[in-house]
Protein chains: 2
Amino acid sequence: MELSVAEENYIKAIYSLSQSGKVSTNDLAQAMQTKASSATDMLKRLGEKALVNYVKYQGVSLSDAGNRVALKTIRKHRLWEVFLVNKLQFGWDEVHEIAEELEHVRSAKLTEKLAEFLGDPRFDPHGDPIPNSAGELPKHSVKTLGECKTGEQLILQRVNDGNPEFLQYLERIALHLGEKLKIKSQYTFDNSVEIERQDGSVLMLSETVTNNLYVIEQ
Amino acid sequence: MELSVAEENYIKAIYSLSQSGKVSTNDLAQAMQTKASSATDMLKRLGEKALVNYVKYQGVSLSDAGNRVALKTIRKHRLWEVFLVNKLQFGWDEVHEIAEELEHVRSAKLTEKLAEFLGDPRFDPHGDPIPNSAGELPKHSVKTLGECKTGEQLILQRVNDGNPEFLQYLERIALHLGEKLKIKSQYTFDNSVEIERQDGSVLMLSETVTNNLYVIEQ
DNA sequence: AATTATTTTTAGATTTGCCTAAAAATATAT
DNA sequence: ATATATTTTTAGGCAAATCTAAAAATAATT
Ligand SMILES: [Mn+2]
Ligand SMILES: [Mn+2]
Ligand SMILES: [Mn+2]
Ligand SMILES: [Mn+2]
């Protein structure tokens, strides 16, 4: 079953949106930067191919087959990001867009040889977990810094990789994966957070920032 | 100017066919494994984009812009082949098809970083020359073993990479790039050729084989 | 419960890339 | 030079993926 680039991208988007609840046509269209009518069209096609469970007006979810496609594509995406950063010396802010193209190269043998070449990494440069060849995801954080309480001691485990400027900002303030953080105070009027860093210095982070940083407890 | 995968593939085919004379719609359609009417359609579009010089019924040639696109795509194709063979340990018979997909990944920075990572190779695993970033091609052989005369002493410089079975055959008889060969005899009834190898052994090659081996004089 | 607002789907077009069948142009043979 | 064969283009259609505008279904308000 040969899937088009568009179909794979829709499936990835449905997978991603599913993590935070039921998926509506509107949300999907927004995620795909297209119109709701286009999303409806695609959902009908994916439904006929049994990649999604789609009932008119009732939203959509991935079938088992669709889930496998999503995980396979995500695996490829993240492996290529590791390649670009670790082998080609790209910055972590430059690789997402290129990986969006590379993830659609078909050869399964390529994926497995690439994984081996990279030493079977379990996480990509942004801390995102890489599904193994069986489609199993390593444990990873789903808790954002924004959801934590004052006083908590945390480790930065992953960051959202979609926005290059956000990644450049993290680079600028030298906030790297693995760093230990402690929440000093939280301001309810704008949901900004003050954190204490490993070196004792203090940093103010906006709500937008804390919502895109994922942490685990120290 | 964003080109589609189909457009890039047509341009590559026109480039390749141009090496051996004027390019007709029929030849192009055959090379693209499609119908003449489809080729005509595409030639009109490429003509409007000024990538080819196309006059109805008069055949086609690449414009300067088209030539640059062809060389850029060929550069990417051959660099990826080097990557697949040298870094991922693919066999030389497995890489052409995968490179046909990878060559369409857009990022120019990726191409240059990849070239650097590979040590700026000048030839791909099949001996095909890799255009540099300015689009200049290294000197390479255009003379096939089939065109040579009895008694000539030659070096195998490159082989056609399109047919995996042909490459597996060369592997089987351990005929590798760089090997020194001497033509012992030629048979006009079927254009087969007997060659003497470096180790003194003798090998019989069919016309199909000799037409796909490119040599330089020793 | 009825009205209003929002979401979702349908209807009808458009573009790219391909197809078949027919017409037109060019090349070859008598 | 005329007839025949071949090549090339045109005409008309189809599928994928998108769009806008309108209709239908669902959700939210009064
Ligand atoms: Mn990414
Ligand atoms: Mn990532
Ligand atoms: Mn090749
Ligand atoms: Mn090659």
Side-chain angles (χ1 to χ4, degrees), chain A residues 1-14 17-18 20-62 65-66 69-70 73 100-101 103-104 106, chain B residues 1-15 17-18 20-62 65-66 69-70 73 100-101 103-106:
Chain A
M1 203 209 326
E2 287 288 85
L3 297 189
S4 71
V5 168
E7 287 169 329
E8 284 184 352
N9 283 335
Y10 270 95
I11 287 171
K12 265 205 316 170
I14 296 165
L17 292 169
S18 298
S20 41
K22 235 185 70 207
V23 179
S24 73
T25 303
N26 250 7
D27 292 350
L28 182 57
Q30 197 180 359
M32 292 299 297
Q33 309 220 71
T34 185
K35 297 295 150 86
S37 55
S38 303
T40 301
D41 264 14
M42 182 58 92
L43 288 179
K44 281 191 207 159
R45 276 196 296 274
L46 293 176
E48 272 157 33
K49 293 190 178 186
L51 293 163
V52 301
N53 310 114
Y54 169 61
V55 186
K56 267 199 213 178
Y57 294 103
Q58 301 314 134
V60 68
S61 65
L62 289 179
V69 170
T73 310
E100 283 293 315
E101 294 192 51
E103 72 188 6
H104 301 293
R106 283 166 175 73
Chain B
M1 201 206 333
E2 288 287 84
L3 297 187
S4 71
V5 168
E7 287 170 328
E8 285 185 352
N9 282 335
Y10 269 96
I11 287 171
K12 266 204 318 171
I14 296 166
Y15 177 89
L17 292 169
S18 299
S20 41
K22 234 184 71 206
V23 179
S24 72
T25 303
N26 249 7
D27 293 350
L28 182 57
Q30 198 180 358
M32 292 300 296
Q33 310 221 70
T34 184
K35 297 297 150 84
S37 54
S38 303
T40 301
D41 265 12
M42 183 57 93
L43 288 179
K44 281 191 208 160
R45 277 197 296 272
L46 294 176
E48 272 158 32
K49 293 190 180 188
L51 294 163
V52 300
N53 311 114
Y54 169 60
V55 186
K56 266 198 212 181
Y57 295 104
Q58 301 315 133
V60 68
S61 65
L62 289 179
V69 171
T73 310
E100 283 293 314
E101 294 191 52
E103 72 188 5
H104 302 293
V105 175
R106 283 165 174 74

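A note on names: the letters A, B, ... follow the listed sequences, proteins ahead of strands, and every chain is numbered from 1.
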Without decimals, in angstroms, what is the distance between [X] [atom1] and [N] [atom2]?
X: B:K22; N: C:dA27; atom1: NZ; atom2: C1'; result: 12 Å
X: A:D27; N: C:dT6; atom1: CG; atom2: C1'; result: 13 Å
X: A:E48; N: D:dA17; atom1: CD; atom2: P; result: 12 Å
X: B:E8; N: C:dG17; atom1: CD; atom2: C1'; result: 15 Å
X: B:N9; N: C:dT16; atom1: CG; atom2: P; result: 17 Å
X: A:E7; N: D:dA16; atom1: CD; atom2: C1'; result: 9 Å
X: B:K56; N: C:dA23; atom1: NZ; atom2: P; result: 17 Å
X: B:L46; N: C:dT16; atom1: CG; atom2: P; result: 12 Å

>> How about CD on A:E8, more than 12 heavy atoms from neighbouring residues, nucleotides or ligands closer than 6.0 Å, or not?
In response: yes

Would you please confirm or rule out a distance under 4.0 Å between OP1 or OP2 of [N] and any side-chain N or O of [X]?
X: A:Y54; N: C:dT9; value: yes
X: A:Y10; N: D:dT18; value: yes
X: A:N26; N: C:dT8; value: yes

> When rounded to the nearest 0.5 angstrom, what is the spacing between CD1 in B:I11 and CG in B:L3?
Replying inline: 5.5 Å

>> Could you measure the distance from the CG atom of B:N26 to the NZ atom of B:K35? Nearest 0.5 Å is fine.
In response: 11.5 Å

> Toward the 5' end of DNA chain C, which comes first, B:A6 or A:Y57, by nearest nucleotide?
Replying inline: A:Y57

>> Looking at every heavy atom in both B:T73 and B:V69, which two are closest together, and how far apart are they?
In response: OG1-O, 2.8 Å

> Less than 4.5 Å apart, any side-chain heavy atom of B:K12 and any of B:E100?
Replying inline: yes

> Start at the 5' end of DNA chain D and walk down; is the nucleotide closest to A:Q58 or to A:R45 reached first?
Replying inline: A:R45

> Do any N or O atoms from the side chain of A:E101 and from the backbone of B:R106 form a donor-acceptor pair under 3.5 angstrom?
Replying inline: yes

> Can you tell which of A:L28, A:V55, A:V23 makes a side chain to side chain contact (heavy atoms under 4.5 Å, CB included) with A:L43?
Replying inline: A:L28

> Between residues 33-44 of chain A and DNA chain C, which residues have a heavy-atom gap below 4.0 Å?
Replying inline: A:A36, A:S37, A:T40, A:K44

